[in-house]
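In what follows, a structure is listed as structure tokens, so that the remarks can point back to it.
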Amino acid sequence: MLRLTHLILTVALGMPAAAQMQYDDADLQRVNERSVPNIRSVFVEDIIRLLPRDLRPKAAGITLAFPRNGPNPLAFYAEPSTQTIYMPLSSIRFFDDVATLFAWFESKSCQPEYLQSYLYSLLRKGRPLPTPLKAFSIDREVALADAYTNDVSTKIFSSGLQFILAHETGHLLLEHTPGVGAAISQQQETAADLFALEHFARLGGVPMGVLWYYMAAWWQDPLTAARDSSSHPVSPERIRALGQRLLSDPMDFSHGENDPTNEAELVRQMATMVLSLADQIDEDGFLTLLPSEMDRNYPASRFDRACPS
């Protein structure tokens, strides 16, 4: 079972612009060759195939697009007019790198606050930083040679991307409309989140990557003063709805795993953490004081020594 204890402060879809990641052509070509075929397969064989029968004909018209870059490092979005889901190659690689960092830091018992400091600096402040693994002087091949890191990062990455695909599919199938005002848009985001969770319930799989995806993109969220006018906030209500659904019946999200009872306990732990996060992000004092502590105690000047490979 994944060890979660040190990652509770370590997590959000389509957010404000942030510093863009500069991956080279070879990096993105590997994403195109290795990840894109798997994403296409998951979309058809897992998401579309498991939809309720009445939704499958409409879903057959959805296409996937993989541009090189998006407007920010975690930009995944759907375009209703063309029934297209956009999965930028640089965003796929960024999430893969972040998943690897989470797992590596946990495997080596390093301080996860450095990960939060990196995400805060990049996503909230827009500071120009190296790509995640380069910032922490971690060799990707060395990290993935560690069995724990390889296993956990793969689970975070694969389930996280599957949630994102299901979320964006939900927007299209539920006929959500852009430009309808913040309040309605926020309702649409919550509905798409729950649509994606129901996919995992049909699959019977633990949506492990959901927690870590939202914990990363959380730093792109406005504070409460601006949250009500934001169309894609990681609002307490949105996060609380996710946690409540997970906690309502953990076995829904584990019945397809090798050890359903054990995995249901993991889902229960995740749900508790998600609900705790919802309470925390509703406090501007917490969101304001935590970053200043990170700048002081976990500065970028020490990233390369925080947990090197």
Side-chain angles (χ1 to χ4, degrees), residues 11-47 62-79 82 84-105 115 118-119 121-123 126-146 149-150 152-169 209 212-217 219-220 232 300 303-304 308-309:
V11 179
L13 288 283
M15 299 292 177
Q20 188 54 264
M21 288 286 89
Q22 299 300 319
Y23 289 106
D24 60 31
D25 291 341
D27 285 330
L28 298 186
Q29 183 59 31
R30 281 192 290 272
V31 173
N32 195 45
E33 292 174 354
R34 300 177 186 180
S35 296
V36 168
N38 290 334
I39 292 171
R40 291 189 183 278
S41 177
V42 164
F43 181 67
V44 173
E45 298 300 325
D46 290 339
I47 295 177
I62 298 175
T63 59
L64 303 182
F66 299 89
R68 178 184 176 89
N69 294 309
N72 63 63
L74 285 174
F76 302 101
Y77 51 98
E79 175 50 61
T82 60
T84 303
I85 296 172
Y86 289 88
M87 306 284 287
L89 298 178
S90 59
S91 294
I92 295 170
R93 178 56 192 268
F94 179 77
F95 184 51
D96 192 5
D97 281 358
V98 169
T100 301
L101 277 180
F102 286 151
W104 175 259
F105 267 63
L115 301 183
Y118 174 84
L119 294 168
S121 296
L122 179 75
L123 302 178
R127 295 168 181 165
L129 292 172
T131 56
L133 298 182
K134 288 183 179 178
F136 288 92
S137 295
I138 294 174
D139 183 284
R140 181 180 179 81
E141 299 305 318
V142 172
L144 295 180
D146 176 77
T149 300
N150 187 43
V152 172
S153 66
T154 297
K155 290 176 179 175
I156 293 172
F157 177 65
S158 60
S159 63
L161 284 185
Q162 192 161 173
F163 178 85
I164 291 165
L165 276 174
H167 173 102
E168 299 302 340
T169 299
W212 279 267
Y213 179 79
Y214 278 104
M215 288 174 75
W219 287 113
Q220 296 180 133
H232 295 79
F303 287 166
D304 62 345
S309 59

Which atom pair, heavy atoms only, marks the closest approach of Leu123 to Pro73?
CD2-CG, 4.0 Å
Should the ring pair Phe95 and Tyr213 be called parallel, tilted or perpendicular, given that the plane angle runs from 0 to 90° and is split at 30 and 60?
perpendicular
Please confirm whether Tyr118 and Phe136 have ring centers closer than 6.0 angstrom.
yes
Closest heavy-atom pair and its distance - Tyr77, Pro71:
CE2-CD, 4.2 Å
Would you give the length of the straight line joining atom CD1 of Ile92 to atom CZ of Arg30, rounded to the nearest 0.5 angstrom?
14.5 Å
Drop me the distance from Phe66's CZ to Ser35's OG, to the nearest 0.5 angstrom.
9.5 Å
Lys134 side, atom NZ; Tyr23 side, atom OH - distance, nearest 0.5 Å:
9.0 Å
Minimal heavy-atom distance between Ser91 and Ala75, with the atoms involved, is OG-N, 3.2 Å
Taking Asn38 for the side chain and Arg34 for the main chain, is one N or O donor matched with an acceptor at less than 3.5 Å?
yes
Smallest heavy-atom separation, Asn72 atom then Leu74 atom, equals OD1-N, 2.9 Å
Would Leu165 and Met87 satisfy side chain to side chain contact (heavy atoms under 4.5 Å, CB included), going step by step from the backbone distance to the final call?
CA-CA 9 Å; Leu165 276 174; Met87 306 284 287; 4.1 Å; yes
Rounded distance [0.5 Å steps], CD1 in Ile164 versus CD1 in Ile85
11.0 Å
Less than 4.0 angstrom from a charged side-chain N to a carboxylate O is my criterion; do Arg68 and Asp25 meet it?
yes
So CD1 of Ile39 and CG of Leu64: to nearest 0.5 Å the spacing works out to 8.0 Å
Does the side chain to side chain contact (heavy atoms under 4.5 Å, CB included) test come out yes or no for Phe102 and Val152, once each step is laid out?
CA-CA 9 Å; Phe102 286 151; Val152 172; over 6 Å; no
Evaluate the criterion side chain to side chain contact (heavy atoms under 4.5 Å, CB included) for residue pair Gln29 and Leu89; output intermediate values, then yes/no.
CA-CA 9 Å; Gln29 183 59 31; Leu89 298 178; over 6 Å; no
I need the single residue from Val98, Asp96, Leu101, Leu144 that forms a side-chain contact (heavy atoms from CB on, under 4.5 Å) with Ser153. Which is it?
Leu144
Heavy atoms of Arg127 and Leu122 approach each other most closely as O-CD1, 3.7 Å
Distance, nearest 0.5 Å, that separates CD1 of Ile47 from CD of Gln162:
5.0 Å
To check you understand the geometry: which heavy-atom pair defines the closest contact between Gly70 and Pro88, and what is its length?
N-CB, 3.6 Å
Taking it one step at a time, do Thr169 and Phe43 satisfy side chain to side chain contact (heavy atoms under 4.5 Å, CB included)?
CA-CA 9 Å; Thr169 299; Phe43 181 67; 3.3 Å; yes
